[in-house]
Chemist: 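Okay, here's the structure, questions in a sec.
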Amino acid sequence: MPFVLPNLPYAYSALEPHIDAKTMEIHHDKHHGTYVAKLNAAVESEPSLAGKSLEALLRDASALPEKVRQAVINHGGGHLNHSLFWTLLSPAGGGAPSGAFATAIKAGFGGFDSFKESFSQAAAALFGSGWVWLAKDGEGRLSIVPTPNQETPLSRGLRPLLGIDLWEHAYYLKYQNRRPEYVDAFWKLVDWKRVAELAEGAPLA
Ligand code: MN
């Protein structure tokens, strides 16, 4: 099996009361686990993909053999997005960024409050299932980027720094249709130290 489901970096219950333990258990073990299994099936069906990193596969997704392209975009994207997402959250998270990354947010969005407002609005507005990201381009510019389904900003030449999973499986047990409440809870969990490290080039997963 080329790809492996990573352990959560904390207990299922660690993000309570903002994200409940049952949601975390199903989300990690079942949803993320299924992305890994289906990615492995796709990669094992196409020998030319052997040994390639997940980032390399997704960065150049349009060049993938057609018979596995959509499976890699869906399940490889799902694996990468979730592996990253777990590390963006922390029971000790919340608050606001500091240091050089806070300065970058101010330069890009006018300040943390206006960034947070724009990101939350994008999360509320995303139709169907997908993600909203804070991403960085090759010249260091920050932007807020929605992606449908499990598409990753990597496939658009952007590096994801922060992302919120807006599939209902991420919040429905606790929040049902109240997505804005889930978005409010997300802000109480963001590990800004990790986000700042990603902005400095730390590995995504
Ligand atoms: Mn998910």
Side-chain angles (χ1 to χ4, degrees), residues 1 3-43 54-55 57-58 61 70-91 93-94 119-120 122-135 144-156 158-191 194-195 198 203-205:
M1 290 296 165
F3 296 103
V4 176
L5 177 65
N7 290 325
L8 276 182
Y10 34 69
Y12 297 130
S13 61
L15 306 182
E16 299 239 14
H18 309 298
I19 301 178
D20 61 288
K22 194 67 181 171
T23 293
M24 290 301 292
E25 181 181 351
I26 297 170
H27 197 176
H28 175 269
D29 295 11
K30 306 298 184 189
H31 291 279
H32 189 175
T34 299
Y35 295 128
V36 174
K38 292 190 172 179
L39 171 64
N40 282 334
V43 167
L54 185 52
E55 285 189 39
L57 291 171
L58 292 167
Q70 198 60 49
V72 171
I73 290 169
N74 292 349
H75 304 295
H79 179 32
L80 184 85
N81 291 342
H82 288 81
S83 298
L84 176 59
F85 184 60
W86 311 131
T87 72
L88 297 170
L89 307 178
S90 166
F119 189 100
S120 297
L126 184 114
F127 183 74
S129 297
W131 295 71
V132 166
W133 304 94
L134 170 65
I144 294 169
V145 181
T147 61
N149 302 311
Q150 295 296 349
E151 289 180 26
T152 163
L154 283 181
S155 302
R156 303 178 186 189
L158 301 170
R159 180 175 173 78
L161 306 180
L162 175 68
I164 182 168
D165 187 343
L166 295 165
W167 287 54
E168 286 186 344
H169 69 222
Y171 64 87
Y172 203 84
L173 287 181
K174 183 175 174 77
Y175 295 101
Q176 293 88 47
N177 63 321
R178 305 186 306 280
R179 186 191 281 181
E181 289 182 29
Y182 162 67
V183 176
D184 287 344
F186 168 80
W187 292 120
K188 298 187 172 83
L189 297 169
V190 173
D191 182 347
R194 167 72 171 142
V195 178
L198 287 163
L204 295 179

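Order of listing sets the numbers, starting from 1, for every ligand and every atom in it. When reading the values below, keep in mind they use all heavy atoms of this one structure, side chains included, and skip hydrogens, waters and symmetry mates.
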Chemist: Is H82 close enough to the Mn ion (ligand 1) to have an N, O or S atom under 2.8 Å?
Modeler: yes
Chemist: Below 4.0 angstrom, N of the basic side chain to O of the carboxylate: do E151 and R156 qualify?
Modeler: yes
Chemist: Within rounding of 10°, what is the angle whose vertex is the Mn ion (ligand 1) and whose arms end at OD2 of D165 and NE2 of H169?
Modeler: 120°
Chemist: May I ask you to check whether H82 and W131 place their ring centres under 6.0 Å from each other?
Modeler: yes
Chemist: If you consider just the N/O/S atoms, which atom of H27 is the closest one to the Mn ion (ligand 1)?
Modeler: NE2
Chemist: Backbone or side chain, does H31 get an N/O/S atom under 2.8 Å to the Mn ion (ligand 1)?
Modeler: no
Chemist: Going by the ring pair (Phe, Tyr, Trp, His ring centres under 6.0 Å) test, name the single residue among W167, W187, Y171, Y172 that passes it with Y182.
Modeler: Y171
Chemist: With a 4.5 Å heavy-atom cut-off, do E25 and L8 have their side chains touching?
Modeler: no
